[in-house]
Amino acid sequence: MSDDSAQQPGERIASHIAHNARVWNYWLGGKDHYEVDEQVGDMVTSMYPSIGEVARADRAFLGRAVSFLAGEAGIRQFLDIGTGLPTVDNTHEVAQRIAPDARIVYVDNDPIVLTHARALLTSTAEGATDYVDADAHDPAAIVRTASDTLDFDRPVAIMLLGILNFVLDTQEATGIVRRLVDAVPSGSYVVLTHPTLELGGEGNEAAMKFWNENATPPITARTGAEVRGFLDGLEIVEPGLVSCARWRSEGAEEGPLVAQFGVVARKP
């Protein structure tokens, strides 16, 4: 029997079962998915029609958060965990437009993401990008490998967009965040998004159940209180923990309310 870890990325891709990275790509209008991803994505959409809006709002939040960090906050290092498939305005593109010397490390353990990693490794001459094939459940390995590109004695923005919802045990998810925060100095930031059954997301419960029975990896929603628990000891940046569609967006109060929390917090 062969060891999957020794196989090429393409040989590890399970095209017979829907996978989050590919379904998310489908909802965003991308082309890197299989028929099974479209089928599951369409079923979830029929059960929870605003899911495409959630995906787009999450992506737009990334752009605004990175712009704030590279601009107003002066951050020059980004650790983007749970990268997903490359699309427009990836973290390095947003950051390096503002700060050409920004350094970005992407982290994912999805083989289909790995096959597209070259799209994430473009960089300005002044900055740097790298890709780490690692699991979010192993923050020590992430930090150890990312230190080839990032200086962990200087502030780092830890990006956790739509990833902690795949860590089903809240205590384990909290531990992951705390170990990552422990590895970075004062002045660093944590950026995260997370689905919820609050914010009008009650209708997503049946869709999540369907997802967990028909796709991978399994997912969980969390309350605002649980998400705040990930950030104990950190200073939450205004406007706080809100729908990601309303985090520092123009006309936020009149904009759509999606059931996906978005928050940025600073390590004092």
Side-chain angles (χ1 to χ4, degrees), residues 14 17-28 36-37 40-59 61-62 80-85 107-110 113 134-139 142 158-181 190-232 234 236 240-245 247 257-265:
I17 184 169
H19 192 283
N20 175 71
R22 301 191 308 255
V23 177
W24 199 258
N25 175 267
Y26 175 56
W27 284 330
L28 287 172
V36 68
D37 304 305
V40 169
D42 287 343
M43 180 59 72
V44 171
T45 300
S46 72
M47 301 173 75
Y48 187 59
S50 64
I51 187 62
E53 196 172 286
V54 170
R56 292 186 292 273
D58 186 274
R59 195 70 193 180
F61 167 84
L62 180 150
D80 189 335
I81 302 172
T83 303
L85 285 165
V107 181
D108 210 302
N109 71 333
D110 181 352
V113 177
D135 195 314
H137 291 83
D138 192 355
I142 290 172
I158 302 166
M159 312 286 294
L160 296 165
L161 273 64
I163 184 66
L164 294 176
N165 38 283
F166 297 114
V167 182
L168 302 187
D169 184 88
T170 298
Q171 186 174 352
E172 181 183 6
T174 302
I176 289 170
V177 177
R178 290 182 179 170
R179 288 193 293 276
L180 289 166
V181 170
V190 173
V191 183
L192 67 85
T193 60
H194 200 294
T196 182
L197 300 182
E198 299 174 350
L199 303 176
E202 296 82 2
N204 198 18
E205 186 169 10
M208 284 189 175
K209 183 175 185 293
F210 171 82
W211 174 272
N212 289 345
E213 292 170 350
N214 294 277
T216 188
I219 191 172
T220 188
R222 289 190 169 95
T223 66
E226 289 173 320
V227 174
R228 286 188 192 91
F230 295 143
L231 306 171
D232 282 350
L234 303 182
I236 296 181
L241 179 69
V242 295
S243 169
C244 66
W247 193 90
L257 182 73
V258 302
Q260 180 96 330
F261 283 118
V263 65
V264 176

*Is there a side chain to side chain contact (heavy atoms under 4.5 Å, CB included) between Arg59 and Leu62 once you walk through the steps?*
CA-CA 5 Å; Arg59 195 70 193 180; Leu62 180 150; 4.3 Å; yes

*What distance do Leu161 atom CG and Gln260 atom CD have between them, rounded to the nearest 0.5 Å?*
8.0 Å

*Show your working on side chain to side chain contact (heavy atoms under 4.5 Å, CB included) between Val40 and Tyr26 and close with a plain yes or no.*
CA-CA 10 Å; Val40 169; Tyr26 175 56; over 6 Å; no

_Met47 atom CE, neighbour heavy-atom count above 12 within 6.0 Å_ = yes

_Interatomic spacing from CG in Asp58 to CD in Glu53 - rounded to 0.5 Å_ = 12.5 Å

*Should the ring pair Trp211 and Trp27 be called parallel, tilted or perpendicular, given that the plane angle runs from 0 to 90° and is split at 30 and 60?*
tilted

*asked:* For a quick test of reading the model, state the closest non-hydrogen atom pair linking Gly162 to Thr193 and the distance between them.
replied: N-OG1, 2.9 Å

*Mind listing the closest non-hydrogen atom pair of Ile17 and Ala215 along with its distance?*
CG1-CA, 4.2 Å

*Can you check whether Leu168's main-chain N or O pairs, donor with acceptor, with Thr220's side chain at less than 3.5 Å?*
no

*Report the distance from atom OG1 of Thr174 to atom CG of Leu164, rounding to the nearest 0.5 Å.*
8.5 Å

*Determine yes or no for a side-chain-to-main-chain donor-acceptor pair under 3.5 angstrom, with Glu198 supplying the side chain and Gly224 the backbone.*
yes

*Which heavy-atom pair separates Pro195 from Met208 by the least distance, and what is that distance?*
CB-CE, 3.7 Å

*Ile163 versus Gly82, closest heavy-atom pair with distance*: CD1-CA, 4.0 Å

*Applying side chain to side chain donor-acceptor pair (under 3.5 Å), which residue pairs with at least one partner in residues 159-172 are found, sequence neighbours left out?*
Thr170-Arg222

*asked:* Given Ile81, which partner from the list Asp108, Leu192, Leu180 fulfils the side-chain contact (heavy atoms from CB on, under 4.5 Å) test?
replied: Leu180

*Between His194 and Val263, does a side chain to side chain contact (heavy atoms under 4.5 Å, CB included) hold up when you go through it step by step?*
CA-CA 9 Å; His194 200 294; Val263 65; over 6 Å; no

*Under the 3.5 angstrom rule, does the side chain of Thr216 hit a backbone N or O of His19 as a donor-acceptor pair?*
no

*With the side chain counted from C-beta on, respond yes when Val258 and Leu199 share a heavy-atom pair under 4.5 Å apart, and no when they do not.*
no

*State, to 0.1 Å, how close Thr223 and Thr196 come at their nearest heavy-atom pair, and which atoms those are.*
CA-OG1, 4.2 Å

*Let me see the working for Glu205 and Lys209 under salt bridge (Lys or Arg N to Asp or Glu O under 4.0 Å), right down to the final yes or no.*
CA-CA 6 Å; Glu205 186 169 10; Lys209 183 175 185 293; over 6 Å; no

*Checking side chain to side chain contact (heavy atoms under 4.5 Å, CB included) for the pair Asn212/Ile219: CA distance, chi angles, key distance, verdict?*
CA-CA 7 Å; Asn212 289 345; Ile219 191 172; 3.5 Å; yes

_Closest non-hydrogen atom pair, Val190 against Val181_ = CG2-CG2, 3.6 Å

*asked:* I'd like to check Phe230 versus Ile176 (side-chain heavy atoms, cut-off strictly below 4.5 Å). Are they in contact?
replied: no

*With rounding to the nearest 0.5 Å, note down the distance linking CG in Leu234 to CZ in Arg178.*
9.5 Å

